[in-house]
Amino acid sequence: MKAVVVHQHGGPEQLHYQEVDAPAPGPGEALVSIKSIGVNFIDIYHRTGLYHVQPPLIPGMEAAGVVAAVGPSVSEVVPGDRVAYAMTRGAYAEYALVPSRNLVVVPEALSFDLAAASMLQGMTAHYLTHSTYPLKQGDIALVHAAAGGAGLLIVQMARMLGARVIGTTSTEAKAVLASQAGCDEVILYTKQDFQSETRRLTGGRGVDVVYDSVGASTFEKSLDSLRPRGVMVTFGNASGPVPPLSPLVLSQKGSLFLTRPTLAHYSSTREELLQRAGDVLGWVAEGKLSVHVHRAYALTEASQAHIDLEARKTTGKLLLKP
Ligand code: NDP
C-alpha cells in the first residue's frame with residue numbers, strides 16, 4: 001500500500017510518499033480502508049519531534065473509511081462498516097490498523113470527508129466547552145485562532161451553550177469566517193492588543209475562560225484577559241510551546257485556574273468516546289454544526305498541506321485523499 005512516512009524529524013520535506021507493507025489486524029484491531037484523512041496540527045508536532053515519536057513513523061491521527069478486516073476479539077465493528085476515528089497514529093496511508101474500541105460508526109447521512117473533518121477537532125471542541133470549562137448562558141469566552149479547524153467548532157459549540165464569544169484571528173478574511181461561525185466580536189490580534197481590547201469589550205471585567213491553542217505568543221496576555229478566578233485552558237502550541245511558569249503568577253493575576261488538557265484524557269473510555277463522537281457526528285449530520293473544509297489535498301501533497309497549515313494560510317479543516 002502507499003503511505004506517507006517520516007524517516008527523520010524535520011520540515012515538510014520529511015514527508016515521503018512511498019510503498020510500505022500492508023498491515024494485518026491483530027487481537028482487538030481493525031484494518032480500515034482509508035477514504036479521507038483529517039490533517040491536524042499534532043501531525044506537524046509528530047513530524048518535527050515536538051511531540052516525540054521515534055521514526056520511522058506514519059503521521060495522521062484522524063480518518064474515515066471502511067472496515068476491511070478485523071482481528072480476533074473485535075466486537076465493536078464488522079467488515080463493511082463505515083467508520084471514523086481519532087487519536088490513533090498512522091492515518092496518512094491507504095490502510096490503517098486501529099484498535100476497534102477507537103472506531104465509531106458513521107451515520108449514513110454523513111460523507112467520509114465530513115466524518116474525517118469532524119472527529120478530532122469536533123471532539124476537542126466538545127470536551128473544551130462541555131467538560132474542561134462547561135460553558136453556560138451568560139459566560140464570556142475568548143477563543144484564539146477562531147477561524148482555525150478547532151476554533152470554528154469551539155465558537156459554534158460555545159454559542160450553542162449560550163455563551164458570548166470573543167474570537168481572535170490574524171486577518172480580516174478570517175474574522176469574517178469567525179463571525180459567521182458565531183463570534184460576537186472578533187479581534188485582529190496581529191493588529192490590535194487583544195488583552196486591552198478584551199478588557200474594553202467586557203467593561204473591564206475580563207472573560208470567564210480563554211481557550212488558547214496558539215500557545216507561546218498569546219499565553220501571558222490570555223492570563224491577563226481573565227476575570228478573577230477565571231479559567232485558562234491552554235490546549236495547543238501553534239506558535240510554540242508555553243514556557244514554564246510559577247504557580248504564584250496565578251495568584252497574582254487573580255487566583256486563576258490553569259489547565260493543559262488533551263483529547264486522549266477526555267475520550268479514554270468507550271462510553272465517553274461514543275457520547276462525544278455521537279454528539280459531534282450527529283450535529284454535523286443534522287446541520288446543527290457546520291464544518292468548513294479549507295481544501296482536500298491528494299495524499300501525495302501532504303507536505304504542501306503542512307506548509308499551508310504552518311504558514312497560517314488555512315481556515316477550518318484540511319483533508320488528504322489517498
Ligand atoms: P488551526 O487550523 O487552528 O491552525 C492553527 C492556527 O493558529 C493558524 O491558522 C493561525 O490562525 C493560528 N496561529 C497563531 N500563531 C501561529 C503561528 N505562529 N504559526 C501557525 N499558526 C498560528 O489548527 P488546528 O485546529 O489543527 O489546531 C490548533 C491547535 O490546537 C494546535 O496547537 C493543536 O495542537 C491544538 N489541538 C489540541 C488538542 C488537544 O486536545 N489538546 C486537540 C486538537 C488541537 P490565525 O492566522 O488566525 O492566527
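Ligands are counted one by one from 1 in listed order, and the atoms in each one are counted from 1 as well.
Neither the backbone nor the side chain of Met123 comes within contact range of ligand 1; no heavy atom lies under 4.0 Å. Proximity of Tyr266 to ligand 1, defined as any heavy-atom pair under 4.0 Å, is not found for any part of the residue. Contacts with ligand 1 closer than 4.0 Å are made by heavy atoms of both the backbone and the side chain of Leu263.
Ligand 1 has no atom lying under 4.0 Å from any heavy atom of Lys313. At least one heavy atom of Tyr45 lies less than 4.0 angstrom from ligand 1. Within the 4.0 Å heavy-atom shell around ligand 1 one does not find Ala147.
Other residues sharing the hydrophobic cluster of Phe112, ordered by chain and number and joined by side-chain separations under 4.5 Å: Val66.
Contact detail for Tyr92 and Ile37: the closest heavy-atom pair is CD1-CG2, 3.7 Å.
Interface atoms of ligand 1 facing Leu120, defined by a heavy-atom separation under 4.0 Å, are 42 (C), 43 (C). Annotation for ligand 1: atoms under 4.0 Å from non-hydrogen atoms of Ser170 are 45 (P), 46 (O), 47 (O), 48 (O). Ligand 1 places these atoms under 4.0 Å from at least one heavy atom of Ser239: 15 (N), 17 (C), 18 (N). Distances below 4.0 Å separate heavy atoms of Thr169 from the following atoms of ligand 1: 47 (O). Every atom of ligand 1 with a heavy atom of Glu310 under 4.0 Å away is listed here by number and element: 19 (N), 20 (C). Atoms of ligand 1 lying under 4.0 Å from at least one heavy atom of Arg260, given by number and element, are 41 (N). Under a 4.0 Å criterion applied to the non-hydrogen atoms of Val214, ligand 1 contributes the atoms 14 (C), 15 (N). Of all the atoms in ligand 1, the ones that sit under 4.0 Å from a non-hydrogen atom of Phe41 are 4 (O), 5 (C), 20 (C), 23 (O), 26 (O), 27 (O), 31 (C), 33 (C), 34 (O).
By the 4.0 Å N-to-carboxylate-O rule, Glu301 lies close enough to Arg295 to be salt-bridged with it. Checked for salt-bridge contact, Asp208 and Arg227 meet the test: a charged N lies under 4.0 Å from a carboxylate O.
Side-chain N/O atoms of Glu272 and Ser267 include no donor and acceptor closer than 3.5 Å. The closest side-chain donor-acceptor pair between Thr218 and Asp212 falls under 3.5 angstrom. In summary, the side chains of Ser131 and Arg276 do present a donor paired with an acceptor at a separation below 3.5 Å, with no hydrogens or angles considered. A donor and an acceptor atom, one from each side chain of Ser222 and His144, are located under 3.5 Å apart. Looking only at atom types and distance, the side chain of His306 has no donor-acceptor partner in the side chain of Asp43 under 3.5 Å away. Checking His130 against Gln275 by side-chain atom types alone, no donor-acceptor pair falls below 3.5 Å.
Between Tyr133 and Tyr211 there is a side-chain heavy-atom pair separated by less than 4.5 Å. Two residues are said to be in side-chain contact when any heavy atoms from C-beta on lie closer than 4.5 Å; His9 and His52 meet this criterion.
Residue Asp113 holds its CG atom at 3.5 Å from NZ of Lys321, rounded to the nearest 0.5 Å.
Between Gly151 and ligand 1, no pair of N/O atoms sits closer than 3.5 Å. When only interatomic distances are considered, the shortest N/O to N/O separation between Val39 and ligand 1 does not fall below 3.5 Å.
Looking at Pro261, Gly149, Ala238 and measuring to atom 17 (C) of ligand 1, the nearest heavy atom belongs to Ala238. In this structure, of Phe235, Tyr127, Tyr51, the residue bringing a heavy atom nearest to atom 36 (N) of ligand 1 is Phe235. Comparing Gln121, Met61, Lys174 against atom 9 (O) of ligand 1, the shortest heavy-atom distance belongs to Lys174.
Nearest protein heavy-atom contact of atom 42 (C) of ligand 1 is Thr124 OG1, 3.2 Å. Among protein heavy atoms, atom 30 (O) of ligand 1 sits closest to Ser213 CB, 3.4 Å. Looking from atom 13 (N) of ligand 1 to the surrounding protein, the closest heavy atom is Arg312 NE, 3.6 Å. Among protein heavy atoms, the minimum distance from atom 25 (O) of ligand 1 is reached at Ala150 N, 2.9 Å. Counting protein heavy atoms only, atom 48 (O) of ligand 1 is closest to Tyr189 OH, 2.5 Å.
For the pair Arg47 and Tyr45, the cation-pi test (distance below 6.0 Å, angle within 45°) is failed.
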